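Here's the structure we're looking at; comments come further down.
Lettering of chains follows the sequences in order, A, B, ..., and the numbering in each one begins at 1. This structure is a prediction, so every number in the text was calculated from the model and none was measured.
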2 protein chains.
Amino acid sequence: MFQTIEWTSAGTVRLIDQRKLPVEEVYVECRDLADVAHAIRTMQIRGAPAIGVAGAMGLALGAKTIRTDGFAAFFEELSRRGEELLRTRPTAVNLAWGIERMKRCAEKNRDLHVPGIVQALIQEAQAIREEDIRGNRQMGEYGKAFIPDGAAVLTHCNAGALATAGYGTALGVIRAAHAAGKRVSVWVDETRPFLQGARLTAWELQKDGIAVTLITDNMAGHLMQRGRIDLVIVGADRIARNGDVANKIGTYMLAVLAKEHGIPFCVAAPMSTLDLSLKAGDEIPIEERSPEEVTTWAGIRIAPVGISVVNPVFDVTPARYITAIITDRGVARPPYGASLEALATRA
Amino acid sequence: MFQTIEWTSAGTVRLIDQRKLPVEEVYVECRDLADVAHAIRTMQIRGAPAIGVAGAMGLALGAKTIRTDGFAAFFEELSRRGEELLRTRPTAVNLAWGIERMKRCAEKNRDLHVPGIVQALIQEAQAIREEDIRGNRQMGEYGKAFIPDGAAVLTHCNAGALATAGYGTALGVIRAAHAAGKRVSVWVDETRPFLQGARLTAWELQKDGIAVTLITDNMAGHLMQRGRIDLVIVGADRIARNGDVANKIGTYMLAVLAKEHGIPFCVAAPMSTLDLSLKAGDEIPIEERSPEEVTTWAGIRIAPVGISVVNPVFDVTPARYITAIITDRGVARPPYGASLEALATRA
């Protein structure tokens with residue numbers, strides 16, 4: 001079994017290099033905050049909950065090298081280093097959530113000497129990781145009822161163990177259904193340009209012995225038309241107060257297709273993905289990445305030199321397309337304004 | 001300017017190798033029918049109208065080596081060789097249409113000596129090529145009214161000069177609008193797995209100086225949602241009597257998205273793409289190609305070893321999603337049963 005990300009006994013952060021999968025299973029060791037920021041920016045680690053954990057662990061590494069004795073100066077520098085991590089990727093709110101939680105932990109321990117605060121932060125980052133795994137398993141328990149026995153489920157991108165601290169959100173729900181003895185088969189979109197579906201989701205499910213079939217991103221409509229998809233389930237990078245969901249580019253397209261074919265469309269995400277500060281999805285910043293991700297693969301050109309490209313990494317699925325949002329605190333149903341708020345205010 | 005396919009003065013068939021574009025612009029010289037069959041099967045040449053021309057030229061090459069003096073034996077062998085070509089690709093009807101037309105030409109010239117019939121066949125194959133180019137220009141004239149000045153047009157796969165004998169179907173319509181002085185910008189889907197959009201359409205339009213922006217196949221929904229696409233125009237591989245259209249996998253998805261966003265969805269194809277023998281699209285055979293097209297690129301693995309894959313090359317868009325079918329004989333509008341029949345029976 002692989003570990004997506006962990007705090008090592010040597011006081012470093014070890015993560016599996018998701019750029020190299022499935023061809024190579026190699027790990028990267030991050031010794032300081034800059035290493036973690038680089039890993040997030042270059043997508044050695046990706047997936048909203050996973051980069052939430054990475055952000056927290058990166059900040060714990062960052063805290064270790066703050067040279068001051070006073071809390072105020074310590075906290076100011078910690079916040080500055082948190083901002084540095086935040087700038088790596090703009091769309092997933094879990095990164096901000098993880099950093100915010102680390103800052104709250106520092107404040108809670110302000111009466112300790114700085115070395116004590118740093119110890120508390122290191123423990124908090126590890127707690128965030130463990131809670132994420134537990135949350136995913138909880139989500140699986142809540143979500144498995146959405147998967148009928150014998151169902152063919154379509155997923156997009158990777159919302160699996162690799163996108164989280166372990167187990168997964170959308171794949172966690174599929175894993176829980178499988179573990180409960182249901183026969184499940186999974187269609188996975190390859191998910192251009194980064195191929196998270198082909199490289200990561202296919203690899204994870206194959207390891208678990210769950211039936212998986214890979215398709216390109218333009219095949220789902222055809223399969224739905226032929227009655228070969230019973231359910232769509234995806235993860236999320238940020239959820240607005242009204243239930244609009246930002247997720248990997250192509251998710252919106254699947255939601256429209258699911259609606260056209262009368263197929264349920266579910267989102268699985270921990271409560272840390274919910275951004276109550278945003279009224280609706282159009283306020284979510286959409287990251288645009290380099291054109292080279294589209295025009296080349298492993299250094300090979302697949303488009304003419306000088307071609308114009310857009311590369312938005314996420315899209316927003318309006319709440320009206322979503323059958324249910326499965327969280328670690330329970331299942332939200334439309335209208336999401338009320339149901340998400342109820343889950344958020346529950347202890 | 002490149003030539004997609006031509007009959008050379010040396011009596012061979014020369015075609016641009018579409019597997020090598022856009023990195024290399026190299027030509028393949030086919031000396032016999034087996035060379036042409038190989039070029040079609042391996043997609044050195046592709047696109048429904050282009051493989052119609054290739055089939056006719058391949059059969060002309062095949063006719064040259066039939067060793068008999070009697071028409072009956074000649075025709076029997078010609079038909080057998082036509083069958084060999086037909087087996088290369090199942091979905092595009094233009095291949096069958098081109099071969100059928102060659103056989104009719106042979107019958108019309110049955111009173112000649114065999115060498116005279118062969119000469120007539122060589123001329124017929126070249127006439128089919130020239131008619132295809134003229135037909136595309138005609139289609140462009142009929143279709144350009146669908147493109148408003150300043151429009152952003154989305155196209156999928158390659159329905160351009162490379163998919164035809166020259167000029168193109170969907171791209172022919174765009175070219176005609178551009179030539180008429182309209183400002184047109186084109187979004188092109190990269191079109192996995194073979195990347196005809198990224199490699200061929202982007203290359204063609206860039207050469208013509210028409211504004212083109214490349215996207216992956218999962219971005220169109222997002223762009224439509226943001227109001228950045230005014231029209232979708234695609235080619236066709238086979239059109240049933242009721243107006244259902246088989247075209248590159250992913251076309252159906254775009255039609256559903258266009259409907260959801262109230263965007264016109266047009267098909268451009270010559271009358272040779274119409275298959276009056278089929279009542280509806282569900283009767284169209286859908287080619288399934290090798291999984292390796294999905295799991296590897298230029299020899300590099302992009303998915304786990306042993307992963308299950310489906311690779312349907314086409315899908316069927318029901319007529320109800322289609323705003324208009326632009327042909328070389330005029331524009332068909334719903335209901336297509338009547339409008340297509342009217343065009344088919346027009347002299």
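Looking at Q18(A) and R46(A), their side chains do bring a donor and an acceptor atom within 3.5 Å of each other. R199(A) and N158(A) share no side-chain donor-acceptor pair at under 3.5 Å.
For T273(A) (side chain) and I239(A) (main-chain N/O), no donor-acceptor pair under 3.5 Å exists by modelled atom type. Y336(A) contributes a side-chain N or O that, together with a main-chain N or O of A324(A), makes up a donor-acceptor pair within less than 3.5 Å. In this structure a side-chain-to-backbone donor-acceptor pair under 3.5 Å is present from R19(A) to T42(A). Judged purely by atom type and a 3.5 angstrom limit, Q44(A) has no side-chain atom pairing as donor or acceptor with the backbone of V28(A). When atom types are taken as modelled, the side chain of E25(A) and the backbone of I16(A) share no donor-acceptor pair closer than 3.5 angstrom.
Interface remark: I286(B) contributes side-chain atoms only to the contact with chain A (heavy atom separation under 4.5 Å). With a 4.5 angstrom heavy-atom cutoff, P304(A) touches chain B via backbone and side-chain atoms both. With a threshold of 4.5 angstrom between heavy atoms, K248(A) does not approach chain B through any atom at all. Only the side chain of I300(B) has a heavy atom closer than 4.5 Å to any heavy atom of chain A. Heavy atoms closer than 4.5 Å to chain B are found in both the backbone and the side chain of N311(A). Both the backbone and the side chain of I302(B) come within contact range of chain A, judged by heavy atoms closer than 4.5 Å. Residue contact with chain B, scored on non-hydrogen atoms closer than 4.5 Å, involves the backbone and the side chain of V309(A) alike.
For the set E260(A), R226(A), H156(A), K259(A), the entry with the most heavy-atom pairs within less than 4.5 Å of chain B is E260(A). Chain B forms the most heavy-atom pairs under 4.5 Å with one residue out of L257(A), L254(A), L195(A), L205(A), and that residue is L257(A). The candidate from P312(A), P193(A), A298(A) with the greatest count of non-hydrogen atom pairs under 4.5 Å with chain B is P312(A). Put simply, of G197(A), G221(A), S308(A), the one with the most heavy-atom pairs under 4.5 Å next to chain B is S308(A). Per-residue counts of heavy-atom pairs under 4.5 Å with chain B were compared for D315(A), V316(A), I215(A), V310(A); the largest is that of V310(A). The residue among E190(A), R301(A), M224(A) with the most heavy atom pairs within less than 4.5 Å of chain B is E190(A).
The number of heavy atoms from other shown groups lying within 6.0 Å of CZ (R228(B)) does not exceed 12. For NZ of K279(B), the number of neighbouring non-hydrogen atoms (other residues, nucleotides, ligands) closer than 6.0 Å is 12 at most.
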